[in-house]
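The structure under discussion appears below in the form of structure tokens.
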Protein chains: 2
Amino acid sequence: MPAQTIGHVAKASGTPIETIRFYEREGLLPEAPRTMSGYRLYDESTVKRLRFIARAKALGFTLAEIRDLLALQDNPASNKTGRAEVKAITERKLDDIEHKIADLQRMQKVLSHLAHECSGKGGVAHCPIIETLSGIEDCTHPEHR
Amino acid sequence: MPAQTIGHVAKASGTPIETIRFYEREGLLPEAPRTMSGYRLYDESTVKRLRFIARAKALGFTLAEIRDLLALQDNPASNKTGRAEVKAITERKLDDIEHKIADLQRMQKVLSHLAHECSGKGGVAHCPIIETLSGIEDCTHPEHR
DNA sequence: ATAAACCCTAAAGTCAACTACAGAGTCAAG
DNA sequence: CTTGACTCTGTAGTTGACTTTAGGGTTTAT
Ligand SMILES: [Zn+2]
Ligand SMILES: [Zn+2]
Ligand SMILES: [Zn+2]
Ligand SMILES: [Zn+2]
């Protein structure tokens, strides 16, 4: 098991050095063993762990959630109950994301309507975008209600 | 033009007092005239302005963007060119939001697949969620590629 | 042997959009 | 005339996920 310094792990995982130390402080990585001079030493498992973190982040999990997922993965006592937890965390995140999508789609609908309504020419005087934000007028398009 | 104190405007607009002062500091509201003892005085136009801000926020605009929109609305020199700016800001925001929706939909797809794959029963040992995050396996479902 | 490249810690800074004090002055009601 | 509700300023704290800085040791290569 060849030991690598933090810089090698950073390169191998694509995670900046400072971020690796930050993850250690935050409990996502275990405290690394050190050389006599205090340098952290890592093996391949740390690179895998950092990739795990990166994938989970890409799916929208927060560091706190990722810490929980990693703890479940680490903990041998999480046999028998572990999967239920993991699935619950995943389903909560899915709900989260679906909620965010719905919010954004509402915004998208209004914005695309506004962009469509506004000619982009002339002064701001009777600009339909400004007027809508001012609460002056309502939409008359049937497809927008 | 009846003058109101900040508390009245806060109630009329639904914006907390501290937030109104914050918006003033940030340049979204003009500096309010004061009584001899230093109390800010407002009229109805401020309530309208705060509602404008609230609507714009609900559409995803940042305070910086809202400040720009308000500046265009305020500025009489923004006749002749104003609408182009307003429309550009709106279209940028729409792009923004569509990008976010796409990102979230990618996450949603993966998460719903994972939630579906995982029984939620038993230990974490061969949990498909954990395995996917660990990069062990790829999806075999045709509809998920 | 010396400079470049690397590592260490602790603490502070960043971004957005607020929110929360602390300490003090002001105004309406009883 | 004194509570209590309201307002003021200025500064600091919040959240999340880092990033930066200052100051100082260590390793490697020439
Ligand atoms: Zn317009
Ligand atoms: Zn419409
Ligand atoms: Zn599972
Ligand atoms: Zn699949």
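Lettering of chains follows the sequences in order, A, B, ..., and the numbering in each one begins at 1.
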Is it true that Glu117(A) and Thr132(A) share a donor-acceptor pair across their side chains at a distance under 3.5 Å? no

Using whole Å, report how far CZ of Phe22(A) lies from C1' of dA10(C). 15 Å

Quick check on dT9(D): is either OP1 or OP2 less than 4.0 Å from any side-chain nitrogen or oxygen of Arg40(B)? yes

Phosphate OP1/OP2 of dC18(C) contacted by Lys57(B) side-chain N/O (<4.0 Å): yes

Quick one: is Thr5(A) getting a side-chain N or O under 4.0 Å of the dC7(C) phosphate, OP1 or OP2? yes

Under 4.0 Å, heavy atoms only, any strand: does Arg34(A) hit a base, just the sugar-phosphate, or nothing? sugar-phosphate

Give Arg21(B) one of three labels, base, sugar-phosphate or nothing, depending on what nucleic acid heavy atoms sit under 4.0 Å from its own. base

Rounded to the Å, how far apart are Gln4(A) CD and dT27(D) P? 18 Å

Please report, rounded to the nearest Å, how far the C1' atom of dT26(D) is from the CD1 atom of Ile17(A). 14 Å

Could you state the CD-C1' distance from Glu24(A) to dA10(C), rounded to the nearest angstrom? 14 Å

Verify the contact: side-chain N or O of Lys11(B) to OP1 or OP2 of dC6(D), cut-off strictly under 4.0 Å; return yes or no. no

Can a salt bridge be assigned to the pair Glu24(A) and Arg40(A) using a cut-off of 4.0 Å between side-chain N and carboxylate O? yes

Using whole Å, what does the distance between atom P of nucleotide dA12(C) and atom CD of Glu18(A) come to? 16 Å

More 5' along DNA chain D: Ile6(B) or Arg25(B), using each one's nearest nucleotide? Ile6(B)

Tyr23(A) side chain N/O closer than 4.0 Å to the phosphate oxygens (OP1, OP2) of dC18(D)? yes

Counting side-chain heavy atoms from C-beta on, which of dT26(D), dC18(D), dC21(C) comes nearest to Tyr39(A)? dT26(D)

With nearest nucleotide decided by heavy atoms, which residue, Thr19(A) or Thr35(A), maps closer to the 5′ end of DNA chain D? Thr19(A)

Considering only NZ, NE, NH1 and NH2 on the basic side and carboxylate oxygens on the acidic side, decide whether Arg21(A) and Glu18(A) come within less than 4.0 Å. yes

Nearest whole angstrom, please: distance from the C1' of dC8(D) to the CE of Met36(B). 14 Å

What's the NE2-P distance between His8(A) and dA5(C), to the nearest Å? 15 Å

OP1 or OP2 of dT27(D) under 4.0 Å from side-chain N/O of Ser37(A): yes

Might you point out which heavy atoms bring Ile17(A) and Ala10(A) nearest each other, and give the distance in Å? CG1-CB, 3.7 Å

Of all the nucleotides listed (dT7(D), dA17(D), dC18(C)), which has the minimum atom distance to the side chain of Leu63(A)? dA17(D)

Measure the distance from CD1 on Ile53(B) to C1' on dA16(C) and round it to the nearest whole Å. 15 Å

Could you go step by step and tell me if Thr46(A) and Gln4(A) meet the side-chain hydrogen bond (donor to acceptor under 3.5 Å, both in side chains) rule? CA-CA 10 Å; Thr46(A) 303; Gln4(A) 327 181 44; over 6 Å; no

